[in-house]
Amino acid sequence: MVLGIVSEEIYKKKIDTLIIPVMEDDEIYTDALIKGLIGNAHKTGDFKKKYKETLTLYQSEDIEAKRIIFLGLGKKDKINLDKCRDAIGSVIRKCIKLKVSSANIVVPQKTKTAKTVSVPNMMEGAFLANYLFDKYKEKKKFTLLKNINFVVAKDEVIQLKKLINEVQTKCEGTFIARDWVSTPANDLTVSHFSKQISDLASKENIKCTILDEKYLKKNGFNALLAVGKGSAEKPKLVIMEYKPSKATKKIALVGKAVMFDSGGLSLKPGSSMEDMKVDMAGGAAVASTIITAARLKLDAHIVAAIPMVENMPSGTATKPGDIVKCYNGKTVEILNTDAEGRLIMADTLAYMVEKYNPQTIVDVATLTGACMVALGEHIAGVFSNNEEKLDALMDSSKSTDERCWKMPLPDDYNKLLKSSIADLRNISTTRYGGSITAALFLQNFVSQSDWIHIDIAGPAHISKPTSYCPAGGTGFGVRLLVDFLMR
Ligand code: BES
Ligand code: ZN
Ligand code: ZN
(Lines give C-alpha, C1' and ligand atoms only; values in the text may rest on other atoms or scores of the structure.)
(Ligands and ions follow the chains in the order given, each with its own letter.)
Protein backbone atom coordinates (compact mmCIF):
# COMPACT_ATOMS: atom_id res chain seq x y z
CA MET A 1 0.00 0.00 0.00
CA VAL A 2 1.21 3.45 -0.85
CA LEU A 3 0.01 6.44 1.07
CA GLY A 4 0.87 9.55 -0.86
CA ILE A 5 0.52 13.27 -1.23
CA VAL A 6 -0.33 14.63 -4.65
CA SER A 7 -1.03 18.14 -5.88
CA GLU A 8 -4.18 19.45 -7.52
CA GLU A 9 -2.54 18.82 -10.89
CA ILE A 10 -4.09 15.35 -10.84
CA TYR A 11 -7.50 16.84 -11.58
CA LYS A 12 -6.28 17.30 -15.14
CA LYS A 13 -5.48 13.60 -15.48
CA LYS A 14 -7.49 10.43 -15.70
CA ILE A 15 -8.01 9.07 -12.18
CA ASP A 16 -9.68 6.15 -10.44
CA THR A 17 -11.74 7.30 -7.43
CA LEU A 18 -12.03 10.82 -6.09
CA ILE A 19 -13.27 11.29 -2.52
CA ILE A 20 -14.56 14.71 -1.52
CA PRO A 21 -15.36 15.37 2.16
CA VAL A 22 -18.14 17.94 2.46
CA MET A 23 -19.18 19.96 5.49
CA GLU A 24 -22.93 20.30 6.01
CA ASP A 25 -23.00 23.94 7.03
CA ASP A 26 -19.78 25.41 5.69
CA GLU A 27 -17.71 25.79 2.57
CA ILE A 28 -14.30 24.20 3.12
CA TYR A 29 -12.89 24.56 -0.39
CA THR A 30 -11.62 27.46 -2.42
CA ASP A 31 -11.01 25.44 -5.59
CA ALA A 32 -13.67 26.24 -8.21
CA LEU A 33 -13.60 22.73 -9.71
CA ILE A 34 -14.28 21.00 -6.36
CA LYS A 35 -16.96 23.57 -5.47
CA GLY A 36 -18.59 22.88 -8.82
CA LEU A 37 -18.56 19.10 -8.24
CA ILE A 38 -20.14 19.55 -4.80
CA GLY A 39 -22.76 21.77 -6.45
CA ASN A 40 -23.59 18.92 -8.83
CA ALA A 41 -23.91 16.45 -5.95
CA HIS A 42 -26.20 18.91 -4.20
CA LYS A 43 -28.37 19.23 -7.31
CA THR A 44 -29.18 15.50 -7.25
CA GLY A 45 -31.20 16.20 -4.12
CA ASP A 46 -29.96 12.92 -2.64
CA PHE A 47 -27.07 14.23 -0.61
CA LYS A 48 -27.67 15.98 2.68
CA LYS A 49 -23.97 16.08 3.75
CA LYS A 50 -24.87 14.42 7.06
CA TYR A 51 -22.03 12.85 9.00
CA LYS A 52 -20.72 9.75 7.16
CA GLU A 53 -23.43 9.97 4.51
CA THR A 54 -22.07 9.26 1.02
CA LEU A 55 -23.13 9.86 -2.56
CA THR A 56 -21.37 8.20 -5.46
CA LEU A 57 -21.43 9.70 -8.96
CA TYR A 58 -20.05 7.85 -11.95
CA GLN A 59 -19.95 10.56 -14.54
CA SER A 60 -18.73 14.09 -14.60
CA GLU A 61 -18.10 16.56 -17.39
CA ASP A 62 -15.52 18.42 -15.34
CA ILE A 63 -13.12 15.69 -14.35
CA GLU A 64 -12.07 12.32 -15.75
CA ALA A 65 -12.67 10.17 -12.67
CA LYS A 66 -14.05 6.65 -12.63
CA ARG A 67 -16.19 7.62 -9.69
CA ILE A 68 -16.58 10.48 -7.27
CA ILE A 69 -17.61 9.74 -3.71
CA PHE A 70 -18.90 12.67 -1.70
CA LEU A 71 -18.53 12.16 2.03
CA GLY A 72 -20.64 14.13 4.49
CA LEU A 73 -18.82 15.50 7.55
CA GLY A 74 -21.93 16.86 9.27
CA LYS A 75 -22.03 20.21 11.06
CA LYS A 76 -18.86 22.21 11.70
CA ASP A 77 -19.32 22.54 15.45
CA LYS A 78 -19.78 18.78 15.81
CA ILE A 79 -16.67 17.60 13.98
CA ASN A 80 -13.65 16.54 16.08
CA LEU A 81 -10.38 14.65 15.72
CA ASP A 82 -11.79 11.16 15.95
CA LYS A 83 -14.76 11.93 13.72
CA CYS A 84 -12.24 12.82 11.00
CA ARG A 85 -10.64 9.36 11.36
CA ASP A 86 -14.00 7.72 11.59
CA ALA A 87 -15.55 9.39 8.53
CA ILE A 88 -12.57 8.80 6.25
CA GLY A 89 -12.17 5.27 7.63
CA SER A 90 -15.77 4.44 6.75
CA VAL A 91 -15.36 5.66 3.18
CA ILE A 92 -12.16 3.62 2.74
CA ARG A 93 -13.96 0.49 3.95
CA LYS A 94 -16.63 1.28 1.37
CA CYS A 95 -13.87 1.49 -1.25
CA ILE A 96 -12.53 -1.92 -0.19
CA LYS A 97 -15.99 -3.39 -0.79
CA LEU A 98 -16.20 -1.64 -4.18
CA LYS A 99 -12.75 -3.08 -5.06
CA VAL A 100 -11.31 0.38 -5.65
CA SER A 101 -7.60 0.17 -6.31
CA SER A 102 -6.66 3.82 -5.99
CA ALA A 103 -8.41 6.56 -4.04
CA ASN A 104 -7.65 10.27 -4.07
CA ILE A 105 -8.95 12.13 -1.06
CA VAL A 106 -9.36 15.85 -1.44
CA VAL A 107 -8.01 17.70 1.58
CA PRO A 108 -10.11 20.65 2.76
CA GLN A 109 -8.39 23.89 1.92
CA LYS A 110 -7.31 26.83 3.97
CA THR A 111 -10.66 28.29 4.79
CA LYS A 112 -11.62 29.00 8.39
CA THR A 113 -13.33 25.68 9.09
CA ALA A 114 -10.79 23.55 7.29
CA LYS A 115 -8.61 24.00 10.37
CA THR A 116 -11.00 21.97 12.48
CA VAL A 117 -10.83 19.17 9.93
CA SER A 118 -7.60 17.51 10.96
CA VAL A 119 -5.45 16.29 8.08
CA PRO A 120 -3.24 13.92 10.15
CA ASN A 121 -6.35 12.30 11.58
CA MET A 122 -7.88 11.91 8.15
CA MET A 123 -4.69 10.21 7.00
CA GLU A 124 -4.69 7.95 10.01
CA GLY A 125 -8.32 6.96 9.53
CA ALA A 126 -7.69 6.16 5.89
CA PHE A 127 -4.60 4.10 6.53
CA LEU A 128 -6.00 2.22 9.55
CA ALA A 129 -9.14 1.30 7.62
CA ASN A 130 -7.16 -0.20 4.73
CA TYR A 131 -6.48 -3.47 6.56
CA LEU A 132 -7.79 -7.03 6.30
CA PHE A 133 -6.95 -10.22 8.11
CA ASP A 134 -7.86 -12.82 5.50
CA LYS A 135 -4.82 -15.06 5.35
CA TYR A 136 -6.86 -18.05 6.53
CA LYS A 137 -9.54 -17.61 3.83
CA GLU A 138 -9.21 -19.69 0.71
CA LYS A 139 -11.23 -17.23 -1.35
CA LYS A 140 -10.34 -13.62 -0.65
CA LYS A 141 -13.55 -11.64 -0.81
CA PHE A 142 -12.00 -8.18 -0.69
CA THR A 143 -8.78 -6.54 -1.78
CA LEU A 144 -6.97 -3.65 -0.18
CA LEU A 145 -6.50 -0.35 -1.93
CA LYS A 146 -3.11 -0.09 -3.59
CA ASN A 147 -2.93 3.68 -3.33
CA ILE A 148 -4.47 6.27 -1.11
CA ASN A 149 -3.48 9.78 -2.11
CA PHE A 150 -4.27 13.03 -0.42
CA VAL A 151 -4.77 15.89 -2.82
CA VAL A 152 -3.35 19.16 -1.52
CA ALA A 153 -2.23 22.53 -2.84
CA LYS A 154 1.14 22.47 -4.63
CA ASP A 155 2.91 24.44 -1.88
CA GLU A 156 1.81 21.99 0.83
CA VAL A 157 3.12 18.81 -0.80
CA ILE A 158 6.57 18.75 0.81
CA GLN A 159 5.41 19.62 4.31
CA LEU A 160 2.67 16.99 4.28
CA LYS A 161 4.93 14.25 2.88
CA LYS A 162 6.88 14.29 6.12
CA LEU A 163 3.72 14.03 8.14
CA ILE A 164 2.35 11.19 6.07
CA ASN A 165 5.46 9.08 6.65
CA GLU A 166 5.01 9.43 10.39
CA VAL A 167 1.34 8.48 10.18
CA GLN A 168 2.13 5.51 7.98
CA THR A 169 4.79 4.21 10.37
CA LYS A 170 2.42 4.41 13.34
CA CYS A 171 -0.34 2.64 11.45
CA GLU A 172 1.97 -0.10 10.22
CA GLY A 173 2.94 -0.66 13.85
CA THR A 174 -0.74 -1.06 14.67
CA PHE A 175 -1.09 -3.60 11.84
CA ILE A 176 1.78 -5.72 13.16
CA ALA A 177 0.00 -5.92 16.51
CA ARG A 178 -3.40 -6.61 14.90
CA ASP A 179 -1.92 -9.51 12.89
CA TRP A 180 -0.32 -11.03 15.96
CA VAL A 181 -3.45 -10.76 18.08
CA SER A 182 -5.66 -12.28 15.39
CA THR A 183 -3.29 -15.17 14.68
CA PRO A 184 -4.46 -18.35 16.44
CA ALA A 185 -2.42 -19.95 19.19
CA ASN A 186 -1.41 -22.94 17.07
CA ASP A 187 0.36 -20.60 14.66
CA LEU A 188 1.71 -18.18 17.23
CA THR A 189 3.38 -20.12 20.01
CA VAL A 190 6.04 -18.83 22.39
CA SER A 191 8.75 -19.93 19.96
CA HIS A 192 7.09 -18.36 16.91
CA PHE A 193 6.33 -15.09 18.67
CA SER A 194 9.80 -14.66 20.15
CA LYS A 195 11.42 -15.50 16.80
CA GLN A 196 9.21 -13.06 14.88
CA ILE A 197 9.97 -10.30 17.37
CA SER A 198 13.70 -10.87 17.22
CA ASP A 199 13.61 -10.93 13.40
CA LEU A 200 11.79 -7.59 13.33
CA ALA A 201 14.12 -6.11 15.95
CA SER A 202 17.21 -7.12 13.98
CA LYS A 203 16.01 -4.95 11.10
CA GLU A 204 15.84 -1.93 13.39
CA ASN A 205 18.26 -0.41 15.83
CA ILE A 206 16.98 -2.69 18.61
CA LYS A 207 18.90 -5.19 20.69
CA CYS A 208 16.81 -8.28 21.40
CA THR A 209 17.66 -10.89 24.03
CA ILE A 210 15.60 -14.00 24.63
CA LEU A 211 15.93 -15.31 28.17
CA ASP A 212 15.15 -19.02 28.11
CA GLU A 213 13.80 -21.41 30.72
CA LYS A 214 17.25 -22.28 32.01
CA TYR A 215 18.09 -18.62 32.65
CA LEU A 216 14.68 -17.99 34.22
CA LYS A 217 15.11 -20.96 36.57
CA LYS A 218 18.57 -19.90 37.63
CA ASN A 219 17.47 -16.34 38.32
CA GLY A 220 14.30 -16.91 40.32
CA PHE A 221 11.49 -16.10 37.88
CA ASN A 222 9.37 -18.66 39.70
CA ALA A 223 5.98 -17.03 39.18
CA LEU A 224 6.53 -16.85 35.42
CA LEU A 225 7.75 -20.45 35.36
CA ALA A 226 4.80 -21.63 37.44
CA VAL A 227 2.38 -20.42 34.78
CA GLY A 228 4.22 -22.18 31.97
CA LYS A 229 4.64 -25.47 33.82
CA GLY A 230 1.60 -27.21 32.34
CA SER A 231 2.56 -26.63 28.72
CA ALA A 232 4.87 -28.41 26.30
CA GLU A 233 5.89 -24.95 25.07
CA LYS A 234 8.62 -23.54 27.33
CA PRO A 235 8.30 -20.01 28.77
CA LYS A 236 10.56 -17.23 27.56
CA LEU A 237 11.25 -13.64 28.53
CA VAL A 238 11.99 -11.39 25.57
CA ILE A 239 13.91 -8.19 26.27
CA MET A 240 14.14 -5.48 23.63
CA GLU A 241 16.28 -2.39 24.00
CA TYR A 242 16.34 0.72 21.87
CA LYS A 243 19.01 3.16 22.99
CA PRO A 244 19.67 6.13 20.72
CA SER A 245 22.83 8.05 21.57
CA LYS A 246 21.11 11.31 22.48
CA ALA A 247 18.45 9.75 24.70
CA THR A 248 17.48 11.80 27.74
CA LYS A 249 14.73 9.73 29.37
CA LYS A 250 14.52 6.00 30.06
CA ILE A 251 11.18 4.22 29.83
CA ALA A 252 10.37 0.56 30.44
CA LEU A 253 7.45 -1.23 28.81
CA VAL A 254 6.12 -4.60 29.92
CA GLY A 255 3.51 -6.57 27.96
CA LYS A 256 1.64 -9.70 28.99
CA ALA A 257 1.99 -12.48 26.42
CA VAL A 258 0.00 -15.53 27.43
CA MET A 259 -0.12 -17.19 24.02
CA PHE A 260 -3.20 -19.10 25.09
CA ASP A 261 -5.03 -18.86 28.40
CA SER A 262 -7.01 -22.02 29.10
CA GLY A 263 -7.10 -21.04 32.76
CA GLY A 264 -4.77 -23.92 33.65
CA LEU A 265 -6.15 -26.36 36.22
CA SER A 266 -8.65 -23.66 37.19
CA LEU A 267 -9.96 -24.33 33.70
CA LYS A 268 -12.12 -21.75 31.98
CA PRO A 269 -15.55 -22.78 30.69
CA GLY A 270 -15.54 -23.41 26.92
CA SER A 271 -17.18 -20.18 25.85
CA SER A 272 -14.77 -18.02 27.90
CA MET A 273 -11.85 -19.83 26.30
CA GLU A 274 -12.83 -19.07 22.70
CA ASP A 275 -11.05 -15.73 22.54
CA MET A 276 -8.06 -16.60 24.68
CA LYS A 277 -5.56 -16.47 21.82
CA VAL A 278 -5.73 -12.70 22.38
CA ASP A 279 -4.14 -12.99 25.81
CA MET A 280 -0.80 -11.94 24.29
CA ALA A 281 -2.14 -8.58 23.09
CA GLY A 282 -0.17 -6.61 25.71
CA GLY A 283 3.06 -8.20 24.50
CA ALA A 284 2.10 -7.51 20.89
CA ALA A 285 1.39 -3.85 21.68
CA VAL A 286 4.65 -3.38 23.55
CA ALA A 287 6.85 -5.12 20.94
CA SER A 288 5.21 -3.22 18.14
CA THR A 289 5.54 0.07 20.02
CA ILE A 290 9.31 -0.21 20.47
CA ILE A 291 9.72 -1.24 16.82
CA THR A 292 7.66 1.78 15.76
CA ALA A 293 9.63 4.05 18.10
CA ALA A 294 12.87 2.86 16.48
CA ARG A 295 11.47 3.39 12.97
CA LEU A 296 10.45 6.92 13.95
CA LYS A 297 13.90 7.45 15.51
CA LEU A 298 12.44 8.75 18.77
CA ASP A 299 15.05 10.07 21.18
CA ALA A 300 14.00 8.05 24.26
CA HIS A 301 15.86 5.08 25.70
CA ILE A 302 13.21 2.33 25.69
CA VAL A 303 13.43 -1.14 27.18
CA ALA A 304 10.58 -3.55 26.55
CA ALA A 305 10.04 -6.87 28.30
CA ILE A 306 7.59 -9.51 27.16
CA PRO A 307 7.04 -12.57 29.34
CA MET A 308 5.72 -15.38 27.11
CA VAL A 309 3.94 -18.52 28.26
CA GLU A 310 1.09 -20.84 27.43
CA ASN A 311 -1.29 -21.44 30.36
CA MET A 312 -2.35 -25.10 30.16
CA PRO A 313 -3.68 -27.82 32.48
CA SER A 314 -1.71 -31.06 32.67
CA GLY A 315 0.01 -33.45 35.04
CA THR A 316 2.88 -31.01 35.37
CA ALA A 317 0.75 -27.89 35.79
CA THR A 318 0.72 -25.63 38.84
CA LYS A 319 -1.98 -26.67 41.30
CA PRO A 320 -4.30 -24.31 43.19
CA GLY A 321 -2.71 -23.78 46.59
CA ASP A 322 0.87 -23.93 45.33
CA ILE A 323 3.17 -21.26 46.70
CA VAL A 324 5.96 -19.67 44.67
CA LYS A 325 8.69 -17.19 45.51
CA CYS A 326 8.73 -14.33 42.98
CA TYR A 327 11.77 -12.58 41.50
CA ASN A 328 11.68 -9.88 44.21
CA GLY A 329 11.47 -12.43 47.04
CA LYS A 330 7.76 -12.07 47.80
CA THR A 331 5.83 -15.34 48.08
CA VAL A 332 2.48 -15.86 46.37
CA GLU A 333 -0.18 -18.44 47.08
CA ILE A 334 -1.61 -19.35 43.68
CA LEU A 335 -5.24 -20.07 44.55
CA ASN A 336 -6.52 -19.72 41.02
CA THR A 337 -4.32 -20.67 38.06
CA ASP A 338 -6.49 -18.54 35.78
CA ALA A 339 -5.19 -15.37 37.47
CA GLU A 340 -1.89 -16.04 35.67
CA GLY A 341 -1.27 -12.69 33.98
CA ARG A 342 -0.37 -10.97 37.24
CA LEU A 343 2.11 -13.75 38.02
CA ILE A 344 4.12 -13.42 34.83
CA MET A 345 3.91 -9.63 35.06
CA ALA A 346 5.05 -9.66 38.71
CA ASP A 347 8.42 -11.26 37.98
CA THR A 348 8.94 -9.17 34.87
CA LEU A 349 8.08 -5.85 36.53
CA ALA A 350 10.38 -6.62 39.46
CA TYR A 351 13.21 -7.58 37.09
CA MET A 352 12.82 -4.44 34.96
CA VAL A 353 12.77 -2.13 37.97
CA GLU A 354 15.87 -3.77 39.45
CA LYS A 355 17.86 -4.09 36.25
CA TYR A 356 17.03 -0.81 34.46
CA ASN A 357 15.69 1.56 37.12
CA PRO A 358 13.57 3.42 34.54
CA GLN A 359 11.99 6.87 35.04
CA THR A 360 8.65 5.39 34.10
CA ILE A 361 7.42 1.83 33.74
CA VAL A 362 4.28 1.16 31.73
CA ASP A 363 2.65 -2.25 31.57
CA VAL A 364 -0.02 -3.40 29.16
CA ALA A 365 -2.04 -6.55 29.78
CA THR A 366 -5.29 -8.30 28.98
CA LEU A 367 -5.43 -8.77 32.71
CA THR A 368 -9.02 -9.09 33.90
CA GLY A 369 -12.47 -9.93 32.65
CA ALA A 370 -13.62 -7.58 35.42
CA CYS A 371 -12.14 -4.60 33.54
CA MET A 372 -14.19 -5.61 30.52
CA VAL A 373 -17.31 -5.86 32.66
CA ALA A 374 -16.63 -2.37 34.01
CA LEU A 375 -15.65 -0.53 30.84
CA GLY A 376 -16.83 -2.64 27.91
CA GLU A 377 -15.13 -3.62 24.66
CA HIS A 378 -13.70 -0.27 23.69
CA ILE A 379 -12.15 1.28 26.79
CA ALA A 380 -9.02 0.32 28.72
CA GLY A 381 -8.70 0.78 32.48
CA VAL A 382 -5.62 2.74 33.57
CA PHE A 383 -4.03 2.74 37.01
CA SER A 384 -1.01 4.67 38.27
CA ASN A 385 0.92 5.73 41.34
CA ASN A 386 1.82 9.01 39.61
CA GLU A 387 -1.02 11.36 38.73
CA GLU A 388 1.07 13.62 36.48
CA LYS A 389 2.30 10.79 34.27
CA LEU A 390 -1.16 9.30 34.13
CA ASP A 391 -2.47 12.68 32.93
CA ALA A 392 0.12 12.63 30.15
CA LEU A 393 -1.13 9.18 29.13
CA MET A 394 -4.71 10.47 29.22
CA ASP A 395 -3.65 13.28 26.85
CA SER A 396 -2.29 10.62 24.48
CA SER A 397 -5.54 8.74 24.88
CA LYS A 398 -7.49 11.82 23.82
CA SER A 399 -5.39 12.57 20.79
CA THR A 400 -5.22 8.97 19.50
CA ASP A 401 -8.76 8.02 20.57
CA GLU A 402 -7.44 4.83 22.07
CA ARG A 403 -9.83 5.28 24.93
CA CYS A 404 -8.74 4.92 28.56
CA TRP A 405 -10.49 5.47 31.86
CA LYS A 406 -8.74 6.31 35.12
CA MET A 407 -9.23 3.67 37.81
CA PRO A 408 -8.26 3.88 41.51
CA LEU A 409 -5.60 2.06 43.56
CA PRO A 410 -7.22 2.19 47.03
CA ASP A 411 -4.72 1.23 49.72
CA ASP A 412 -7.30 -0.45 51.98
CA TYR A 413 -8.20 -2.96 49.25
CA ASN A 414 -4.74 -4.47 49.69
CA LYS A 415 -6.14 -6.49 52.58
CA LEU A 416 -8.15 -8.50 50.03
CA LEU A 417 -4.85 -9.89 48.73
CA LYS A 418 -3.47 -11.01 52.11
CA SER A 419 -2.69 -14.71 52.41
CA SER A 420 -2.59 -16.51 55.74
CA ILE A 421 0.52 -18.51 54.85
CA ALA A 422 2.28 -16.50 52.10
CA ASP A 423 2.92 -12.78 51.47
CA LEU A 424 0.16 -12.48 48.87
CA ARG A 425 -2.64 -14.48 47.31
CA ASN A 426 -3.10 -14.23 43.55
CA ILE A 427 -6.86 -13.69 43.74
CA SER A 428 -8.91 -11.43 45.94
CA THR A 429 -11.09 -12.78 48.73
CA THR A 430 -14.12 -11.20 47.05
CA ARG A 431 -15.28 -11.27 43.45
CA TYR A 432 -15.92 -7.53 43.38
CA GLY A 433 -13.45 -4.96 42.07
CA GLY A 434 -11.40 -7.58 40.22
CA SER A 435 -9.51 -5.19 37.94
CA ILE A 436 -8.51 -3.06 40.94
CA THR A 437 -7.22 -5.94 43.04
CA ALA A 438 -5.26 -7.24 40.03
CA ALA A 439 -3.64 -3.81 39.65
CA LEU A 440 -2.90 -3.65 43.38
CA PHE A 441 -1.25 -7.06 43.11
CA LEU A 442 1.10 -5.72 40.42
CA GLN A 443 1.91 -2.66 42.52
CA ASN A 444 3.74 -4.97 44.93
CA PHE A 445 6.38 -5.51 42.25
CA VAL A 446 7.23 -2.00 41.05
CA SER A 447 8.93 -0.68 44.23
CA GLN A 448 8.92 3.13 44.22
CA SER A 449 9.04 3.50 40.42
CA ASP A 450 6.54 5.70 38.60
CA TRP A 451 4.26 3.12 37.10
CA ILE A 452 1.24 3.00 34.81
CA HIS A 453 -0.80 -0.17 34.34
CA ILE A 454 -3.13 -0.46 31.32
CA ASP A 455 -5.71 -3.25 31.43
CA ILE A 456 -6.67 -3.88 27.79
CA ALA A 457 -8.86 -6.97 28.26
CA GLY A 458 -11.71 -5.05 26.59
CA PRO A 459 -10.19 -3.21 23.63
CA ALA A 460 -7.51 -5.78 22.64
CA HIS A 461 -9.94 -7.22 20.16
CA ILE A 462 -13.44 -6.43 18.92
CA SER A 463 -16.26 -8.72 17.89
CA LYS A 464 -17.84 -6.19 15.49
CA PRO A 465 -15.97 -3.99 13.02
CA THR A 466 -15.63 -0.24 13.55
CA SER A 467 -15.08 2.24 10.74
CA TYR A 468 -11.32 1.82 10.81
CA CYS A 469 -10.82 -1.64 12.28
CA PRO A 470 -12.32 -4.97 11.22
CA ALA A 471 -13.44 -7.50 13.83
CA GLY A 472 -10.46 -9.22 15.53
CA GLY A 473 -7.24 -7.81 16.95
CA THR A 474 -7.27 -4.02 17.17
CA GLY A 475 -3.61 -3.24 17.80
CA PHE A 476 -4.81 -1.18 20.77
CA GLY A 477 -1.94 0.45 22.65
CA VAL A 478 0.53 1.01 19.83
CA ARG A 479 -0.63 4.47 18.77
CA LEU A 480 -1.34 5.32 22.41
CA LEU A 481 2.14 4.37 23.64
CA VAL A 482 3.98 5.85 20.65
CA ASP A 483 2.17 9.13 21.27
CA PHE A 484 3.04 8.89 24.97
CA LEU A 485 6.72 8.28 24.16
CA MET A 486 6.74 11.26 21.79
CA ARG A 487 5.53 13.66 24.51
N1 BES B 1 -6.84 -13.46 30.33
C2 BES B 1 -7.78 -13.33 31.36
C3 BES B 1 -8.53 -12.00 31.30
C4 BES B 1 -9.35 -11.73 30.07
C5 BES B 1 -10.71 -11.98 30.09
C6 BES B 1 -8.78 -11.18 28.95
C7 BES B 1 -11.48 -11.69 28.97
C8 BES B 1 -9.53 -10.92 27.82
C9 BES B 1 -10.88 -11.16 27.83
C10 BES B 1 -7.13 -13.45 32.73
O11 BES B 1 -5.98 -14.23 32.78
C12 BES B 1 -8.13 -14.12 33.63
O13 BES B 1 -8.47 -15.22 33.36
N14 BES B 1 -8.56 -13.41 34.66
C15 BES B 1 -9.51 -13.90 35.57
C16 BES B 1 -9.07 -13.53 36.96
C17 BES B 1 -9.84 -14.20 38.05
C18 BES B 1 -9.52 -15.67 38.07
C19 BES B 1 -9.46 -13.57 39.36
C20 BES B 1 -10.85 -13.28 35.23
O21 BES B 1 -10.87 -12.12 34.80
O22 BES B 1 -11.88 -13.95 35.35
ZN1 ZN C 1 -6.44 -16.33 33.07
ZN1 ZN D 1 -4.91 -14.35 30.99
Side-chain angles (χ1 to χ4, degrees), residues 177 180-182 185 188 190 193 223-224 226-231 235 254-285 306-313 317-322 332-348 363-381 407 413 416-417 419 424-442 453-463 471-474 476-477:
W180 275 331
V181 175
S182 294
L188 196 70
V190 170
F193 195 27
L224 170 52
V227 178
K229 259 173 75 184
S231 168
V254 176
K256 169 179 173 181
V258 174
M259 306 314 294
F260 185 75
D261 182 11
S262 70
L265 285 175
S266 313
L267 199 63
K268 285 181 185 292
S271 60
S272 319
M273 224 189 272
E274 272 175 24
D275 288 331
M276 281 305 125
K277 66 173 184 189
V278 310
D279 215 18
M280 34 58 70
I306 304 147
M308 293 182 191
V309 289
E310 198 176 62
N311 187 21
M312 297 295 275
T318 290
K319 298 166 282 291
D322 286 359
V332 178
E333 188 180 8
I334 304 177
L335 290 159
N336 188 318
T337 61
D338 195 15
E340 84 299 338
R342 63 197 76 183
L343 296 171
I344 70 170
M345 298 298 274
D347 276 349
T348 311
D363 82 68
V364 190
T366 46
L367 203 66
T368 64
C371 200
M372 225 175 150
V373 172
L375 302 174
E377 252 199 325
H378 298 284
I379 304 174
M407 300 284 280
Y413 282 26
L416 303 170
L417 292 168
S419 158
L424 289 162
R425 37 189 288 144
N426 81 326
I427 49 163
S428 162
T429 47
T430 102
R431 61 192 192 88
Y432 303 116
S435 69
I436 296 172
T437 45
L440 285 170
F441 182 92
L442 297 183
H453 159 59
I454 312 176
D455 192 332
I456 60 164
H461 77 127
I462 45 176
S463 49
T474 57
F476 187 99

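The analysis underlying the following values was restricted to heavy atoms, covering all of them including side chains, and did not include hydrogens, waters or symmetry mates. Whatever order the structure lists ligands and atoms in, that order sets their numbers, starting from 1.
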Heavy atoms only: give me the nearest [X]-[Y] pair and the separation to one decimal.
X: Ala185; Y: Lys277; value: N-CB, 4.0 Å
X: Ala339; Y: Ile427; value: CB-CG2, 3.6 Å
X: Val309; Y: Pro235; value: CG1-CB, 3.5 Å

May I ask whether atom 21 (O) of ligand 1 is less than 4.0 Å from at least one protein heavy atom?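 Given the 4.0 Å limit, the answer for atom 21 (O) of ligand 1 is yes, a protein heavy atom qualifies.
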Give me the residue, atom name and distance of the protein heavy atom closest to [atom].
atom: atom 15 (C) of ligand 1; result: Asp338 O, 4.1 Å
atom: atom 18 (C) of ligand 1; result: Asn336 ND2, 3.6 Å
atom: atom 10 (C) of ligand 1; result: Leu367 O, 3.3 Å
atom: atom 2 (C) of ligand 1; result: Asp261 OD2, 3.5 Å

Between OE2 of Glu340 and OD2 of Asp261, what angle is found at the Zn ion (ligand 3), rounded to 10 degrees?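 Answer comes to 90°, rounded to 10°.
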Nearest 10°: the angle subtended at the Zn ion (ligand 3) by Lys256 NZ and Asp279 OD2?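 Between NZ of Lys256 and OD2 of Asp279, the angle at the Zn ion (ligand 3) is about 100°.
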Applying a heavy-atom cut-off of 4.0 Å, say which part of Ile427 lies close to ligand 1: side chain, backbone, both or neither.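 For Ile427, the contact with ligand 1 is made by the side chain alone.
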One residue to check: Asn311. Relative to ligand 1, which of side chain, backbone, both or neither has a non-hydrogen atom less than 4.0 Å away?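 Near ligand 1, Asn311 shows nothing, with every heavy atom at 4.0 Å or more.
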Less than 3.5 Å between some nitrogen or oxygen of Lys256 and one of ligand 1, yes or no?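 Yes: some nitrogen or oxygen of Lys256 is under 3.5 Å from one in ligand 1.
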Looking only at distances, please establish whether an N/O atom of ligand 1 is found under 3.5 Å from an N/O atom of Arg342.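 No, no N or O pair falls under 3.5 Å.
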Side chain to side chain contact (heavy atoms under 4.5 Å, CB included) evaluation trace for Lys268 with Glu274: CA-CA 10 Å; Lys268 285 181 185 292; Glu274 272 175 24; over 6 Å; no
Under 3.5 Å, is there a donor-acceptor pair between the side chain of Thr437 and the main chain of Gly434?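 Here the side-chain-to-backbone pair exists.
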For the backbone of Ala281 and the side chain of Thr366, can you confirm whether one donor and one acceptor N or O come within less than 3.5 Å of each other?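 Not a single qualifying donor-acceptor pair exists.
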Per atom 4 (C) of ligand 1, closest listed option by heavy atom (Glu274, Met372, Met276):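 Closest candidate by heavy-atom distance is Met276.
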Going through the checks in order, is the side chain to side chain contact (heavy atoms under 4.5 Å, CB included) test met by Thr348 and Asp363? CA-CA 10 Å; Thr348 311; Asp363 82 68; over 6 Å; no
Any N/O/S atom of Asp338 sitting less than 2.8 Å from the Zn ion (ligand 2), backbone or side chain?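 Here the distance criterion (N, O or S atom, under 2.8 Å) is met by Asp338, so yes.
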Mind checking whether [X] and [Y] have side chains closer than 4.5 Å, heavy atoms only?
X: Thr368; Y: Arg342; answer: yes
X: Ser262; Y: Leu267; answer: yes
X: Thr318; Y: Val227; answer: no

Hey, does Thr437 sit under 4.0 Å from ligand 1 if you only count heavy atoms?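 It does not, in that no heavy atom of Thr437 comes within the 4.0 Å cut-off of ligand 1.
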Mark up the atoms of ligand 1 that fall under 4.0 Å of a heavy atom belonging to Glu340, in ascending order.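 By the 4.0 Å cutoff, the relevant atoms are 11 (O).
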